[in-house]
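Data first, discussion second: the structure below is written as structure tokens.
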Amino acid sequence: MGDVWTKVPVREQDPKVRAANFDEVCYGYNKEEAMTESVRCLNCKKPKCVAGCPVSINIPAFIQEVKEGNFEKAYDIISESSALPAVCGRVCPQESQCEGQCIRGIKGEPVSIGKLERFVADWARENGIKPKKAESSNGHKIAVIGAGPAGLTCAGDLARMGYEVTIFEALHKAGGVLSYGIPEFRLPKAAVVDKEVENVESLGVKIVKDVIIGKSITIDELLKDEGFEAVFIGSGAGLPMFMHIPGENANGVFSANEYLTRNNLMKAYREDYLTPIHKGSKVAVVGGGNVAMDAARTALRLGAEVHIVYRRSEAELPARAEEVHHAKEEGVIFNLLCNPVEIYVGEDGWVSGMKCIRMELGEPDASGRRRPVEIPGSEFDIDVDTVIMSLGTSPNPLISSTTIGLDTNRRKCIIADEATGKTTKEAVYAGGDAVTGAATVILAMGAGKAAAKGIDEFIRNK
Amino acid sequence: MYKILYADKLAANIYRMVVEAPMVARRCEPGQFVIVRVNEEGERIPLTICDYDREKGTVTIVFQPIGASTLILADLGEGDFIEDFVGPLGRPSDLIEEDIEELKKKHIIFIAGGVGTAPVYPQVKWLHEHGITADAIIGAKNKDLVILEKEFREVCNLYITTDDGSYGRSGMVTTCLQDLIDKEGKQYDHCVAIGPMIMMKFVCKLTKEYDLKTIVSMNPIMVDGTGMCGACRLTVGDEVKFACVDGPEFDGHLVDFDQAMKRMTMYKTEEGREALRLKEGKTHHGGCGNCGGDK
Ligand SMILES: Cc1cc2nc3c(=O)[nH]c(=O)nc-3n(C[C@H](O)[C@H](O)[C@H](O)COP(=O)(O)OP(=O)(O)OC[C@H]3O[C@@H](n4cnc5c(N)ncnc54)[C@H](O)[C@@H]3O)c2cc1C
Ligand SMILES: Cc1cc2nc3c(=O)[nH]c(=O)nc-3n(C[C@H](O)[C@H](O)[C@H](O)COP(=O)(O)OP(=O)(O)OC[C@H]3O[C@@H](n4cnc5c(N)ncnc54)[C@H](O)[C@@H]3O)c2cc1C
Ligand code: SF4
Ligand code: SF4
Ligand code: FES
């Protein structure tokens with residue numbers, strides 16, 4: 001085993017093998033590895049790591065229990081703060097959150113908090129341990145819109161306080177992006193996501209699927225006619241953006257959302273499911289975030305040669321470092337500092353190639369990142385038959401446009417107070433991507449938690 | 001799970017089902033659609049709402065089996081359950097949002113082709129209930145494929161035309177419309193055409209000549225039906241629209257039908273394979289829960 005300066009390495013599927021299957025890439029720690037890694041934690045008096053975690057998990061406390069081999073106690077500690085630890089342990093950008101703050105990281109590598117959290121959650125699941133339920137109901141009914149991380153967390157917290165919570169979900173499956181967006185090889189659905197959703201249900205939360213708020217029923221109706229005393233909106237940011245360049249409606253151009261939804265939610269990669277997917281032989285994925293990496297690695301697994309086309313340089317890639325590293329290992333090709341300007345369309349209506357232009361980095365923009373500028377005359381063609389647009393998403397206006405008195409900002413995001421989730425409409429709270437725009441699982445969970453507290457206070461003071 | 005309360009066949013290959021879906025029935029309006037998922041392995045298939053009963057909490061769908069998922073749906077009958085039935089989706093028809101008095105002044109013609117006859121019905125019926133009698137043309141390949149004739153007769157002035165002349169008038173719906181306007185002195189200021197894309201394209205070409213405003217209901221490939229995937233995008237005028245949230249009804253004179261028709265063929269090969277697999281048990285790996293696979 002390694003020294004105290006480095007993390008206990010985690011076992012992963014061989015890149016060559018995994019590039020052709022949808023099984024999970026990272027195997028996670030076993031008992032011995034977890035206990036060895038836990039020793040590296042200094043059990044700091046003022047743990048910096050906790051401040052870096054948006055839901056303030058008592059990290060040193062749970063790690064101490066791991067060290068002693070008390071995994072159930074460790075799980076209870078994590079459960080006090082997080083409803084989805086098996087998910088967060090896998091997909092949190094730990095390097096910029098808990099682990100980014102860990103004191104160990106100053107001289108060496110930070111403690112592998114994410115992997116430890118994942119180990120504890122997986123251990124609890126394998127051993128049939130469930131989070132603790134509320135003693136009795138307090139009789140107040142709360143509606144939650146969207147069964148993504150924000151909605152699930154808010155619902156779970158409220159249920160633990162004794163509220164009767166119903167989640168309304170538009171799709172036929174709960175989980176939000178965890179179910180339709182993030183691929184199986186990063187976040188197993190049946191083994192992890194479905195089980196975490198069941199845990200939330202075991203707290204007494206009712207999940208009603210196939211209901212689109214704003215279409216099937218409105219928020220005002222939930223409050224007036226259906227007896228809900230408050231509503232939490234966790235409807236995410238699901239609307240895909242396109243570039244509006246020529247050829248973008250050709251056959252073979254997809255949004256990352258469509259591509260990933262077909263494969264994850266509708267399970268197109270499996271023989272026994274009916275939804276089709278266009279496999280493509282040479283695929284360009286436009287964009288550089290987590291979503292782009294997921295789309296690229298999915299296309300790769302379906303058998304294509306895959307190019308990431310990103311307009312800035314490697315240092316600016318918004319995706320998690322681990323994802324970029326994994327994508328490279330698996331054979332995804334990175335075409336950096338270039339941007340598409342046109343998609344060529346063949347006679348048959350399908351993509352026949354793409355024209356790009358080279359970019360260079362100019363002055364930093366408002367976000368502090370150096371702005372990419374086109375190099376005049378540097379156009380060149382790349383040979384692709386499929387293009388996946390992964391340019392970001394924005395909140396769906398379906399809810400805001402059908403709810404009187406619910407204000408949104410310029411970016412269509414619902415305006416809500418960070419500390420309580422309170423919106424501009426009485427009894428209506430919101431959080432997650434619907435408020436912030438596309439962000440992260442753990443931030444959405446943090447917002448769900450804050451809103452649960454906000455709603456509890458609102459009901460108590462009524 | 002959503003119970004099928006009634007199922008019958010309107011024609012050789014056209015099925016009708018009345019489904020118990022109170023939440024959809026309570027709010028739906030003419031022009032909107034639902035998404036149906038037959039079972040766990042099934043696709044999400046969009047189907048227009050053809051009728052609804054708010055009191056009974058039921059919604060009627062009419063469909064033509066063309067691929068694997070609709071074939072499985074056609075296999076279900078009264079008392080069976082559909083896994084998912086979500087809606088109402090899309091925007092209601094523009095007509096029902098117009099001022100009734102203004103509408104009464106209008107001369108409206110509906111043009112329905114094939115299975116597209118079914119989605120026209122709730123609109124014609126709605127107008128009738130509001131004291132407006134519209135004209136309607138139903139076009140079908142032949143006599144056996146004419147559907148909902150009785151229902152239509154009760155709520156509008158009906159003209160029927162068949163491609164082979166085996167019933168009603170002879171020829172395409174476009175010929176019928178031309179005859180009505182040119183030879184029979186009819187005047188229209190609003191047209192709604194619903195049917196196969198190719199039909200809608202040619203109706204629009206014709207009505208443009210008459211300067212007759214024409215609304216079409218687009219049925220592109222969809223996945224979620226809530227604006228999340230962009231699979232349903234169309235070019236309308238200079239803009240890209242998502243049929244599921246911006247439509248499904250659009251100004252037919254602005255729709256790029258050629259692009260829309262090409263997009264429709266996107267999964268032809270893959271879908272063909274699925275349908276084949278469904279028919280030929282031997283190569284089918286089972287697990288769809290319906291056909292029993294290759295046990
Ligand atoms: C491909 C992909 C990869 C990602 N990778 C990572 C990662 O590695 N790490 C990370 O931290 N984050 C990642 N993210 C971001 C993260 O998934 C999101 O920030 C997070 O899921 C937001 O949670 P949420 O609950 O706000 O919304 P969502 O997860 O989007 O859930 C919203 C839910 O509400 C439902 N809904 C929407 N409208 C309605 C309505 N009108 N009525 C009823 N229900 C409705 C939706 O169907 C959905 O189920 C990724 C995102 C994507 C798309
Ligand atoms: C808003 C909307 C309303 C609709 N209303 C009705 C309706 O009331 N009744 C009805 O019978 N059908 C309707 N359709 C069409 C219906 O959804 C398709 O026939 C169905 O999705 C095909 O599914 P499948 O799996 O059986 O066939 P698939 O195996 O998916 O397809 C078989 C063949 O049909 C083509 N195809 C795929 N999707 C569509 C589509 N959306 N429309 C036409 N061809 C397609 C494929 O390219 C393939 O060649 C509607 C579609 C939309 C978008
Ligand atoms: S939830 Fe995320 S940020 Fe918090 S401790 Fe776990 S991995 Fe770190
Ligand atoms: S900062 Fe690092 S070492 Fe300190 S308690 Fe947190 S995980 Fe342990
Ligand atoms: S069907 Fe997905 S956006 Fe319209």
Side-chain angles (χ1 to χ4, degrees), chain A residues 168-173 180-181 208-212 214-218 221 235-242 244 248-262 265-268 270-279 345-350 389 393-394 396-398 401, chain B residues 2 21 23-24 26-28 32 35 37-44 67-69 72 83-90 223-231 233-235 240 242 245 256 258-271 273-274 277-278 284-289 293:
Chain A
F168 295 98
E169 167 56 48
L171 293 172
H172 59 262
K173 203 163 178 19
Y180 78 71
V208 184
K209 291 160 203 159
D210 297 335
V211 176
I212 301 174
K215 285 283 176 190
S216 316
I217 190 164
T218 62
E221 286 167 334
S235 53
L239 235 52
M241 293 182 209
F242 286 93
H244 304 291
E248 214 171 5
N249 281 0
N251 288 5
V253 184
F254 307 93
S255 73
N257 264 7
E258 176 182 356
Y259 203 75
L260 291 168
T261 301
R262 284 181 180 276
L265 182 72
M266 307 308 293
K267 308 221 182 302
R270 275 173 52 170
E271 284 273 311
D272 51 343
Y273 281 71
L274 293 176
T275 298
I277 193 160
H278 172 66
K279 296 197 165 89
V345 191
E347 286 274 301
D348 55 359
W350 283 85
M389 291 294 177
T393 53
S394 63
N396 195 326
L398 213 61
S401 66
Chain B
Y2 301 80
M23 231 169 178
V24 183
R26 190 165 52 179
R27 297 199 116 243
C28 66
Q32 291 186 296
I35 281 193
R37 205 176 63 123
V38 185
N39 56 25
E40 171 55 31
E41 291 79 13
E43 285 175 83
R44 293 172 65 93
S69 296
I72 297 173
E83 184 86 25
D84 298 284
F85 194 90
V86 53
L89 296 162
V223 183
D224 58 299
T226 65
M228 184 190 87
C229 74
R233 63 195 191 277
L234 304 163
T235 303
V240 175
F242 287 7
V245 285
D256 183 342
D258 293 333
Q259 183 187 72
M261 287 193 294
K262 280 194 181 131
R263 287 186 62 80
M264 250 344 213
T265 64
M266 190 124 51
Y267 294 101
K268 266 223 149 78
T269 327
E270 286 89 348
E271 295 286 14
R273 227 174 276 138
E274 290 290 356
R277 211 152 46 152
L278 197 72
H284 182 198
H285 299 278
C288 76

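The shown structure was predicted, so the numbers you read here are calculated from the model rather than taken from an experiment. Sequence lines set the chain letters: A, B, ... in the order given, protein chains first and strands last, and positions in each chain run from 1.
In terms of heavy-atom proximity, A:His278 sits nearest to B:Tyr267 at N-CE2, 3.6 Å. When all heavy atoms are compared, the tightest approach of B:Ala68 to A:Leu274 is CB-CD2, 3.9 Å.
A salt bridge links A:Glu221 with B:Arg27: the closest approach of a Lys/Arg side-chain nitrogen to an acidic carboxylate oxygen falls below 4.0 angstrom.
Heavy-atom distances place both the backbone and the side chain of B:Arg263 under 4.5 Å from chain A. Looking at B:Glu83, the atoms closer than 4.5 Å to chain A (heavy atoms on both sides) all sit in the backbone: N, CA, C or O. Using a 4.5 Å cut-off between heavy atoms, A:Tyr259 does not touch chain B at all. Neither the backbone nor the side chain of A:Val345 comes within contact range of chain B; no heavy atom of the residue lies under 4.5 Å from a heavy atom of that chain. Only the side chain of A:Thr261 comes within less than 4.5 Å of a heavy atom of chain B; its backbone N, CA, C and O stay farther away. Within the 4.5 angstrom heavy-atom criterion, no atom of B:Ile35 approaches chain A. Residue A:Asn249 touches chain B through both its backbone and its side chain, counting heavy-atom pairs closer than 4.5 Å. Using a 4.5 Å cut-off between heavy atoms, A:Lys209 contacts chain B through its backbone alone, with no side-chain atom that close.
Side chains of B:Thr226 and A:Ile212 form a contact here, defined as non-hydrogen atoms less than 4.5 Å apart. Using a 4.5 Å heavy-atom threshold, the side chains of B:Asp224 and A:Tyr180 count as separate. In this structure, the side chains of B:Glu41 and A:Lys267 stay at 4.5 Å or more apart for every pair of heavy atoms. Counting only heavy atoms from C-beta outward, the side chains of B:Met228 and A:Leu239 never approach each other to under 4.5 Å. Contact of the A:Asn251 side chain with the B:Met264 side chain is not registered, since no non-hydrogen atoms from C-beta on lie closer than 4.5 Å. At least one side-chain heavy atom of A:Trp350 sits less than 4.5 Å from a side-chain heavy atom of B:Met266. Annotation: side chain of B:Met23 is not in contact with side chain of A:Asp210 (no heavy-atom distance under 4.5 Å).
Contact tally against chain B (heavy-atom pairs below 4.5 Å) for A:Ala268, A:Pro240, A:Ala250, A:Ser255: the top residue is A:Pro240. Each of A:His172, A:Lys173, A:His244, A:Glu258 has some count of heavy-atom pairs under 4.5 Å with chain B, and the biggest count is that of A:His172. The choice from B:Lys262, B:Arg233, B:Gln259 that makes the most heavy-atom pairs within less than 4.5 Å of chain A is B:Arg233. Most heavy-atom pairs under 4.5 Å with chain B, from the set A:Gly349, A:Gly238, A:Gly236: that is A:Gly238.
No donor-acceptor pair closer than 3.5 Å links the side chain of A:Ser216 to the backbone N or O of B:Val24.
Summarising the geometry, atom CG belonging to A:Leu265 is positioned 10.5 Å from atom SG belonging to B:Cys229; distances are rounded to the nearest 0.5 Å.
Under the 30°/60° scheme for interplanar angles, the aromatic rings of B:Phe242 and A:Phe242 are found to stand perpendicular.
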May I have the step-by-step check of side chain to side chain contact (heavy atoms under 4.5 Å, CB included) for A:Arg262 and B:Glu43, ending in yes or no? CA-CA 9 Å; A:Arg262 284 181 180 276; B:Glu43 285 175 83; 5.6 Å; no
